[in-house]
There are 2 protein chains.
Amino acid sequence: MLEQRIRNVALRSRVCTADEVQSWIQNGMTIAVSGFTKSGDAKATLQALARRKDKTGEPIKINLLSGASLGETDGILASRGLLGMRLPFQSDPDLRKSINLGEISYIDQHLSETAEWIRSGWLGDIDFAIIEATAITENGGIIPTTSVGNSPIFVEKAKRVIVEINLSLPLELEGVHDIYLPTARPNRQPIPLVNVRDRIGTTYIPCPPDKIAAVILTTAQDTPSNVSAPDAETAAMAGHILEFLSHEVNRGRLPKNIGPLQSGIGSVANAVLSGLVQGPFHDLEIYTEVMQDAAFELLDAGKVRFASSCSFTLSQAMRRHVLSRLGEYREKVVLRPQEISNHPEIVRRLGVIAINGALEVDLYGNVNSTHVSGTHMMNGVGGSGDFARNAALSIFVTKSTAKDGRISSVIPFVTHVDHPEHDVDVIVTERGIADLRGLAPRQRARAIIDHIAHPDYQDALRDYVRHAESHSGNTPHALDEAFGWHLRLQQQGDMRTMPSPVRAVN
Amino acid sequence: MLEQRIRNVALRSRVCTADEVQSWIQNGMTIAVSGFTKSGDAKATLQALARRKDKTGEPIKINLLSGASLGETDGILASRGLLGMRLPFQSDPDLRKSINLGEISYIDQHLSETAEWIRSGWLGDIDFAIIEATAITENGGIIPTTSVGNSPIFVEKAKRVIVEINLSLPLELEGVHDIYLPTARPNRQPIPLVNVRDRIGTTYIPCPPDKIAAVILTTAQDTPSNVSAPDAETAAMAGHILEFLSHEVNRGRLPKNIGPLQSGIGSVANAVLSGLVQGPFHDLEIYTEVMQDAAFELLDAGKVRFASSCSFTLSQAMRRHVLSRLGEYREKVVLRPQEISNHPEIVRRLGVIAINGALEVDLYGNVNSTHVSGTHMMNGVGGSGDFARNAALSIFVTKSTAKDGRISSVIPFVTHVDHPEHDVDVIVTERGIADLRGLAPRQRARAIIDHIAHPDYQDALRDYVRHAESHSGNTPHALDEAFGWHLRLQQQGDMRTMPSPVRAVN
Ligand SMILES: CC(C)(COP(=O)(O)OP(=O)(O)OC[C@H]1O[C@@H](n2cnc3c(N)ncnc32)[C@H](O)[C@@H]1OP(=O)(O)O)[C@@H](O)C(=O)NCCC(=O)NCCS
Ligand SMILES: CC(C)(COP(=O)(O)OP(=O)(O)OC[C@H]1O[C@@H](n2cnc3c(N)ncnc32)[C@H](O)[C@@H]1OP(=O)(O)O)[C@@H](O)C(=O)NCCC(=O)NCCS
């Protein structure tokens, strides 16, 4: 068994326990770990570090880099005050809380960019890369597990590498990955990927065996994804998107199979993708950074012929299903580094159709995906910017209201901009679709109010526009009222204008 | 003479006057013209159309597409109400006025994207492409003049093409251009450009001779660029950038020749580039969308070894100088379509150092390049987003105040976001430099206030931060005060808090 998992003989003598290895981690170190949206993250060493902190109470903080969010480890570290700096993405309630209290320096980043930052030396030295692996090859090559993330650049740049071999994962994962990194500049060559299914690299992360300081054996399980099931509203959104895409195909503005699909994280994006199972499209392709359950539903339904991704982020049931059928999926699925899955060069070349979630959108099509009320970080921008900016068609999805209707997701002025109007072609809510292509700002405002805003808020939005347009401007605004809706929410817990108590008495 | 200018014999019989040709233009048509930041724009036909409008007063409006801003033609058309829709960039006072009154539908767009929109059919049919040319080759190929812009895609997709041969321009322009367009999707291939100096296309825009409906002979002159001269403040900014870049080179984080430089339009970006003439760098390369005077100053000073651009946008004196020495410059300069000069694939591959102008920046590094007070369009986003998002290093420059100090360019919350914090690495004012790389939002606010804000506004910015941080959040804000500075400007003509008259009396 171990021979298959650690094929390089010399490395078998470097098997250690996580408790031994965590002791190498010192205050102020920069640690880079595998893991992308809770999938394939190195869990053993960091959780052992948390146990040490519980025991010794010593004041130790690390800078933690990853592919994207880790599973429960993010919360375990945050709640113990172990994180000084964290990048580039997270989605854990405890970590989020510390970030929003200003206790952790959180750097939100386009997910294709972290590798470039590391290559440029902007993040300083990486003391350890800790990588979850299926196996190590004869020559030290590290075969990742259910995500690739930033592991290849971490392994290349870290001073030392720790490999956590997860024995609970099938060896059939070998062959799923395609590891390619752009060469350093200058004289970087084009990335030779021209089809979703192209394999351009190796099935393992190259690593000189001497760089591997320790190998840990583990069976720790990924934290399962907990996206909520599709509901009537997400079904309606999926319906609008299907109708829109069919229309575009009929007009000859999209290829018959639409073009490679990207779908963001979150319940809404997953539900919308899931809606394609019922749709008229065949031979679909997926070029995305994370495959949630819906992507495998589409594969199983024979709708998708190939999927390229950077991670599998699945519910417990779907994960079991996928891991037990890797032999089949290996012909139809590839996992790539996030620098490639999200690369502007490739997204633009392939003509990806991007579908990402928004927290709120404004009258002119600007999108906030990250900051609740402009201040509180939800998850991070993730790869949405990599895709939305470079996609052939950039769609954003959001329910028209949140918190039982108390919040309108369509508001006069977004409190944080992750995606400027220029990057937003189409917005979809359960109410309908606003096709913003070719519309000037004033026309966009009308399309957005008429087609996607919730009826409870349409009149108030029209009022705002009327008032704003009386001031003129290409993009009319009344700055004194622009955040009025959010202030009302802060003050009365509801964005809807309510009759004031005094007037109610009269 | 005419034999050299119209080498295809059949086309010589299609020479017409602009007044004849303009009569083909009908209400509601979509017209696509050459021209990029006032350079190489087709002037004759459109100005003849304006004369017709003056004579007949008929209600005619066109949709006008271009590379970027035209010269005086933009204002001539706008002031006569001839424009229904305009994209993707402009910089004319009269056109700007009509846009801000909501009279013209103005679509602001990343300049690399217009070609993709046209290819996708999103902008409908193009009735005429009108292209200023140096000459037409034997096979109908159109040799552009001092810009390439979107002319290649316009010629490819328009129903008919009108060529305006400008006899005042030297035939030595032949050989300066390199025309390459990405192939259609699917199966688009990598763009084979790996060095700034690579030539990957033809020296002319391919065009079947039959598509050329008319050839006009003209000697109309480009509207000269009127960037203001460097001053003490821009000199200080250039100094800060030089110091910063030297430091990065010394730390081995940039190559010795920095990497290919992009510099945006505007007085400040030009002045900053001009400052490199005094700098320690040699063998510089330029990969940009517009070469202003400073780029040629650097070539003449022997500092730049090669420059790739999409247009020359020059003062009258520099234009004369450049046109008289094309034989020499042809070895060191290439003009490309804007889809290539600004292409995310290439900008990222080459590791461009981008320097773009901002109207205002906020405490967290978000940049507004387009909308004064969030409403009034200045020029447009231009290529700044193509470069800032994909650059190896994205620098924004702005003076710390505008309008004699009455406006702070560093404010709590930008009134429009063109470049989200994620796309902004470094901000420079005459006061200094804020290096935002690796900083979390709260740290960014401190760097920005301490290093680049004007002293008149530093205390007020610190007050805002203190107040905002009392509400917590990853990106602290006080939404009730976020636009307070702009409202103060609207009300009292000055962003500085002034003692209220009442209190002043006490
Ligand atoms: C924006 C994003 C958070 C939406 O997530 P989602 O799961 O699809 O959407 P939901 O409607 O379920 O909203 C998630 C939460 O935000 C809340 N919310 C949604 N809109 C809100 C708004 N305008 N104001 C306040 N809260 C809001 C919801 O109530 C819900 O809260 P809960 O968790 O307490 O129930 C998610 O898409 C995201 O993180 N995007 C950024 C990263 C990204 O796009 N990556 C793409 C490539 S991976
Ligand atoms: C942002 C931009 C307008 C700055 O232009 P610039 O010429 O370098 O800067 P200036 O400081 O001279 O400012 C230009 C005008 O804006 C005004 N201005 C600057 N900051 C301002 C602010 N915060 N509020 C109001 N007005 C402001 C100036 O007073 C000046 O007005 P004037 O023309 O009446 O004198 C310019 O860089 C631009 O259009 N950028 C977007 C396009 C782009 O970046 N393209 C890049 C690739 S081409």
Side-chain angles (χ1 to χ4, degrees), chain A residues 99-102 105-110 116 120-123 185-192 194 252-253 255 344-345 348-351 366 371 373-377 381 385 389-390 392 415-418 420 422 437-438 440 442-443 469 471-477 479-480 482-483 486-487, chain B residues 99-102 105-110 116 120-123 185-192 194 252-253 255 344-345 348-351 366 371 373-377 381 385 389-390 392 415-418 420 422 437-438 440 442-443 469 471-477 479-480 482-483 486-487:
Chain A
I99 287 171
N100 286 317
L101 287 169
S105 295
Y106 180 53
I107 298 170
D108 189 28
Q109 221 172 31
H110 300 302
E116 300 280 17
S120 304
W122 295 359
L123 295 170
R185 301 175 189 126
N187 305 321
R188 182 180 289 179
Q189 296 302 305
I191 302 169
V194 296
R253 306 206 293 193
E345 172 171 343
R348 181 89 168 234
R349 182 182 301 150
L350 296 177
N366 299 288
H371 283 75
S373 281
T375 55
H376 281 65
M377 175 58 73
V381 71
R389 173 71 55 96
N390 299 296
T415 51
H416 186 91
V417 176
D418 295 288
H422 319 103
R437 296 173 299 166
R442 288 164 189 241
Q443 299 166 324
E469 287 187 0
H471 297 320
S472 92
N474 178 58
T475 303
H477 269 303
L479 291 185
D480 53 341
F483 292 145
H486 296 90
L487 290 168
Chain B
I99 288 170
N100 285 319
L101 286 170
S105 295
Y106 181 53
I107 298 169
D108 190 29
Q109 220 173 31
H110 300 302
E116 299 280 19
S120 303
W122 294 0
L123 295 170
R185 304 175 186 123
N187 304 321
R188 181 179 292 178
Q189 297 302 306
I191 302 169
V194 296
R253 305 207 292 194
E345 172 171 342
R348 181 89 167 233
R349 181 182 301 150
L350 295 177
N366 299 289
H371 283 75
S373 280
T375 56
H376 282 63
M377 176 57 73
V381 72
R389 172 72 54 95
N390 298 296
T415 51
H416 186 90
V417 177
D418 295 288
H422 319 102
R437 295 173 300 167
R442 289 164 189 241
Q443 298 166 324
E469 288 188 359
H471 296 321
S472 92
N474 178 58
T475 302
H477 268 303
L479 291 185
D480 52 342
F483 292 145
H486 296 89
L487 291 168

Quiz prompt | Contact leader toward chain B among A:Asn390, A:Asn187, A:Thr415, A:Asn366, where contacts are heavy-atom pairs under 4.5 Å | solution = A:Thr415
Quiz item: Considering only heavy atoms, which portion of B:Leu479 lies under 4.5 Å from any heavy atom of chain A: side chain, backbone, both, or neither?
Solution: both
Exercise. Spell out, as yes or no, whether a donor-acceptor pair under 3.5 Å connects the side chain of B:Asn100 to the backbone of A:Asn474.
Key: yes
Exercise. Go through the atoms of A:Ala392 and report whether side chain, backbone, both or neither lie under 4.5 Å from a heavy atom of chain B.
Key: both
Self-check item: Side chain / backbone / both / neither for A:Ile99 at chain B, heavy atoms under 4.5 Å
Solution: both
Quiz item: Does any heavy atom of chain B fall under 4.5 Å from the side chain of A:Pro476, the backbone, both, or neither of them?
Solution: backbone
Practice problem: Verify salt bridge (Lys or Arg N to Asp or Glu O under 4.0 Å) between B:Glu345 and A:Arg348, making sure each step is shown before the conclusion. | Solution: CA-CA 8 Å; B:Glu345 172 171 342; A:Arg348 181 89 168 234; over 6 Å; no
Practice problem: Look at A:Pro420, A:Ala482, A:Pro192 and state which one has the largest set of heavy-atom pairs under 4.5 Å with chain B. | Solution: A:Pro420
Quiz item: Hey, which of A:Gln189, A:Arg442, A:Arg188, A:Arg389 has the most heavy atom pairs under 4.5 Å with chain B?
Solution: A:Arg389
Quiz item: Hey, are B:Ser373 and A:His477 close enough side-chain-wise for a donor-acceptor pair under 3.5 Å?
Solution: no
Quiz item: Side chains of A:Asp418 and B:His422: does their closest heavy-atom pair fall under 4.5 Å?
Solution: yes
Quiz item: Is B:Thr375 close to A:Thr475 at the side-chain level, that is, under 4.5 Å between some pair of heavy atoms?
Solution: no
Quiz item: Can you tell which of A:Arg437, A:His376, A:Glu116, A:His416 has the highest number of heavy-atom pairs within less than 4.5 Å of chain B?
Solution: A:Arg437
Self-check item: Max heavy-atom pair count under 4.5 Å with chain B, selected residue of A:Gln443, A:Glu469, A:His371
Solution: A:His371
Quiz prompt | Check: B:Pro190 and A:Val194 side chains under 4.5 Å, non-hydrogen atoms | solution = yes
Practice problem: Could you tell me which of A:Arg253, A:Gln109, A:Met377 has the largest number of non-hydrogen atom pairs under 4.5 Å with chain B? | Solution: A:Arg253
Self-check item: Heavy-atom proximity to chain A below 4.5 Å, by part of B:Arg185
Solution: side chain
